[in-house]
Amino acid sequence: MADRIQGLIAGTAAEPNSRPWPRYTVRADVFARVAQAMGEGGIDLLSLWAEEGIVHLALRPLGEAPRIVSTPVVNERFPSVGRWHAPAIRLERAVHDLFGYVPEGAPDLRPWLDHGAWGFAAPLGARKTAPLRDPADYATLPVIGEGLHEIPVGPVHAGIIEPGHFRFTANGEIVARLEERLGYVHRGVDALTTNVSIARAAKVVARVSGDSTVAASFAFARAVEAALGIAAPPRAQIIRGVMAEFERVANHLGDVGAICNDAAFAIALAHCGIFREKVLAACGAAFGHRLMMDRIVPGGVSHDVSREAAHLITTTLDAIEPAFAEIVRLYEDTPSIQDRTCGTGILAADLAVRFAAGGPVGRASARDFDARRDLAHAPYEPETLDVPVLTAGDVDARIRIRIREIATSLALIRGWLVELPDGPLVAELPDISAPCEGMAVAEAFRGDLLVWLRVLPGGAIGRCHVRDASWFQWPLLEAAIENNIVADFPLCNKSFNCSYAGADL
Amino acid sequence: MRTLLLKSLFAKPVTTQAPAPGEAALAEVGLALEARVRKIYGRSLTIREVDAGSCNGCELEIHALNNAVYDCERFGLKFVASPRHADVLMVTGPVTHNMKVALERTFAAMPDPKFVVAVGDCGCGCGVFRESDAVVGAVSAVLPVDLCIKGCPPRPLDLLSGLIALVERASATR
């Protein structure tokens, strides 16, 4: 497959200053053939985004390094990738809403982020005034058949959750189709990170999805550093790792508890809630912020780990580890909860591969990928990183992957704190004379989180694109819930735990 | 399971001490609520939370109020699923254009008298999203706000002290 892509872009010189992976600008017909090759399989879609006059497609042939293929927008049009490779469809709809560029041949061009409430269209493109539309005016896909009924849910849900609309078509209790409609928390992240200072863009990126703030800042910082050709000091790299793994542990603890709670196994939630709280309290004490927001900055970290903080972290881990093991045993020894989680919400392995599903969602369905190992970066050691993979693809498998990952993360944190090197916390960002581009992928608790950006001379961010793992997981939730009962939706949904804010931007 | 139950029998409670009602919050609540709050709520409030554009950071900390450590029901604070059961609408995020109608409808579905609490730097003043065309503004741009609890995100204790101030005020004049 890699050969096919290489063959298509042969003779095209890579753009200067794109790091660490090359970017090629090709004609529309070549771009279309790359898209077609993606549809044949063997190539992961990493992301698709636009800026003024150009569309970028980041991809990764299996087992190889990523690359970016770009094509100029001609007469407001570019060849659709979604036509051949379904995971690109929602990204193209977002490009269409934000820039007004039409993906030619696209199978679905219904509005995605534009709910008709802005008063204008294509805010990052031609930006024309547009009449307001009724937000409920949206053509959900038709479902035809006897005895079907629709259940609309949201955008405001019955809980402390993010907003989104779910349209179930059910046959009795069985879900025949779920269609998601998102975009409710679109805050204009793309516009807010265009032509702004690095520091300002960093603040916005840290608030794309609060539960992944460390991972997003990690990817953003590394993308800036890649563009500028620098690296964070060794001490900062280790501290980044500690924070990233703490974020994973806190979120996985919350998820394990919350999934069990959705199957009425409240004892797991009660205990996991306490563990999570202890982790966050330790983070608050060690890093000055419970979610460790804004602690990773381009060039390094803004917060040191003192000897006392390291000790506090270790004692917290000492307390949590055996207690969590007991809850895991309880989960494993209780047939009533497993009766709900085993065999529920199965995500087929071929779909996980096709959509390049990251994180526990992909790894529970046999997709053996972890950005910490497969797109390795400091402080991770790819040779020794334990990446659990299961094949069942059900809610139970997604819980078990999280349980294993908690253990891995705790071991990483312990190891790093022992060998924390001395030295500075931040490397200075050099001046540049020409625009430079950088891309980085971090393994957030949900899966791979990609940041691409362009740094301009003078230290501004010209354009920044953030792609959360949720983009490719949301559509898979629609597939996983099919033929399950409506009552199991919360369970399935929680076991995916996709981000609304992370994908709505 | 048995060992877990046995341990629980002898373990100390995990709950934290109650925080004092936030002074700043108390003062803020005072003016806004005094006239409407009297004699109505006693010492309990039911809360409906709506994310109107948050990054979900605030949601994580609001969630924490329900865990065994903070256990907000101790203070008569209860999160409910339906706006029809709610006294307080707790709103996070800069209000996006895409969420404005849903937020207004949720507020309209609540019975009178009702209070609005804006949570987080975004809810209180738009935070880092201030200059965005995609957001309407802070919560106060859409609904009458009675109390702001700032922070990015506010810690669970900040939320508790703000809400306790609300309850104190509600019951003080009873």
Side-chain angles (χ1 to χ4, degrees), chain A residues 113-115 117-120 123 134-136 154-163 183-189 191-192 200 203-204 206-211 213 250 254 258 267 269-271 273-274 276-278 280-281 284 289-291 293-294 326-327 330 333-334 499-502 504, chain B residues 1 3-5 7-8 14 16 47-70 79-83 90 92-94 96-103 105-106 109 120-122 126-136 152-153 155-156:
Chain A
L113 301 177
D114 182 352
H115 289 197
W118 295 340
F120 49 85
D134 178 359
V156 176
H157 299 167
I160 306 169
I161 345 176
E162 299 178 76
Y184 289 92
V185 285
H186 174 71
R187 295 144 292 163
V189 167
L192 288 171
R200 165 101 176 114
K203 290 259 180 200
V204 176
R207 286 154 186 81
V208 165
S209 186
D211 50 17
T213 176
I267 189 169
L269 176 69
H271 284 276
I274 296 170
R276 179 185 153 86
E277 183 56 37
K278 283 186 175 159
L280 294 188
H289 192 288
R290 286 161 54 90
L291 305 180
M293 217 169 232
D294 302 324
E326 205 161 337
I327 296 303
L330 184 63
D333 291 348
T334 310
S499 174
Y500 301 70
D504 287 352
Chain B
M1 187 72 165
T3 48
L4 202 65
L5 288 175
K7 266 191 203 164
S8 310
V14 293
T16 55
I47 306 167
R48 167 69 238 205
E49 198 268 354
V50 170
D51 170 348
S54 145
C55 73
N56 77 32
C58 288
E59 275 63 33
L60 294 176
E61 297 296 55
I62 294 170
H63 247 293
L65 291 179
N66 284 318
N67 72 28
V69 178
Y70 298 107
F79 285 89
V80 292
S82 170
M90 181 183 265
T92 61
T96 65
H97 281 288
N98 291 353
M99 269 305 284
K100 181 168 175 273
V101 172
L103 178 63
R105 286 186 188 167
T106 307
D121 286 351
C122 294
C126 259
V128 299
F129 301 103
R130 189 188 302 269
E131 282 141 43
S132 174
D133 283 346
V135 307
V136 183
C152 189
R155 296 166 305 162

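Naming convention: chains lettered A, B, ... in sequence-line order (proteins, then strands); numbering from 1 in each chain. All of these numbers come straight from a predicted model, not from anything done at the bench.
A distance of 5.0 Å separates CD in Glu131(B) from CZ in Arg200(A), rounded to the nearest 0.5 Å. The distance from the NE2 atom of His63(B) to the CD atom of Glu277(A) is 13.5 Å, given to the nearest 0.5 Å. Annotation: the span from Cys126(B) atom SG to Arg187(A) atom CZ amounts to 12.0 Å, rounded to 0.5 Å. Distance check, rounded to the nearest 0.5 Å: CZ of Arg207(A) to CZ of Phe129(B) gives 7.5 Å.
Looking at every heavy atom in both residues, Ala102(B) comes nearest to Val156(A) through CB-CG2, 4.1 Å. Of all non-hydrogen atoms in Val101(B) and Pro135(A), the two that sit nearest each other are CG2-CG, 4.0 Å. The two atoms that bring Leu291(A) and Pro153(B) nearest to each other are CD1-CG, 3.7 Å, heavy atoms only. Here the shortest heavy-atom pairing between Val128(B) and Lys203(A) reads CG1-CB, 4.1 Å. Scanning both residues, Val185(A) and Ser54(B), for their nearest heavy atoms gives CG1-N, 4.3 Å. The two atoms that bring Arg48(B) and Ala158(A) nearest to each other are NH1-CA, 3.7 Å, heavy atoms only.
Within the 4.5 angstrom heavy-atom criterion, only side-chain atoms of Glu326(A), from C-beta onward, approach chain B. Only the backbone of Leu113(A) comes within contact range of chain B, judged by heavy atoms closer than 4.5 Å. The contact between Val208(A) and chain B is made entirely by backbone atoms, counting heavy-atom distances below 4.5 Å. For a residue to count as touching a neighbouring chain, one of its non-hydrogen atoms must lie under 4.5 Å from one of that chain's; by this rule His289(A) touches chain B with the side chain only. Proximity to chain B is limited to the side chain of Phe120(A), based on heavy atoms less than 4.5 angstrom apart. Residue contact with chain B, scored on non-hydrogen atoms closer than 4.5 Å, involves the side chain of Ser499(A) exclusively. Contact of Ser82(B) with chain A is not made at all, since no heavy-atom distance falls under 4.5 Å. In this structure, chain A has no heavy atom under 4.5 Å from any part of Cys58(B). For Ile327(A), the part sitting under 4.5 Å from any heavy atom of chain B is the side chain, from C-beta outward, and nothing else. Contacts between Ile160(A) and chain B at a heavy-atom distance below 4.5 Å involve backbone atoms as well as side-chain atoms. With a 4.5 Å cut-off on non-hydrogen atoms, Asn98(B) touches chain A through its backbone and its side chain both.
For Lys278(A), there are no salt bridge (charged side-chain N to carboxylate O under 4.0 Å, His left out) partners, not counting sequence neighbours.
Counting heavy-atom pairs closer than 4.5 Å to chain B, the top-ranked of the candidates Pro155(A), Pro163(A), Ala206(A) is Pro163(A). Listed options Ala191(A), Ala136(A), Gly159(A), Ala270(A) were ranked by heavy-atom pairs under 4.5 angstrom with chain B; first place goes to Gly159(A). Options Ala501(A), Gly188(A), Gly273(A), Ser209(A) differ in how many heavy-atom pairs under 4.5 Å they form with chain B, and the most are formed by Ser209(A).
Not one N or O on the side chain of Thr96(B) forms a donor-acceptor pair closer than 3.5 Å with the backbone of His186(A). In this structure, the side chain of Asp133(B) does not engage the main chain of Trp118(A) through any donor-acceptor pair within 3.5 Å.
Residue pairs meeting the salt bridge (charged side-chain N to carboxylate O under 4.0 Å, His left out) criterion with at least one member in residues 50-69 of chain B, sequence neighbours excluded: Arg290(A)-Glu61(B).
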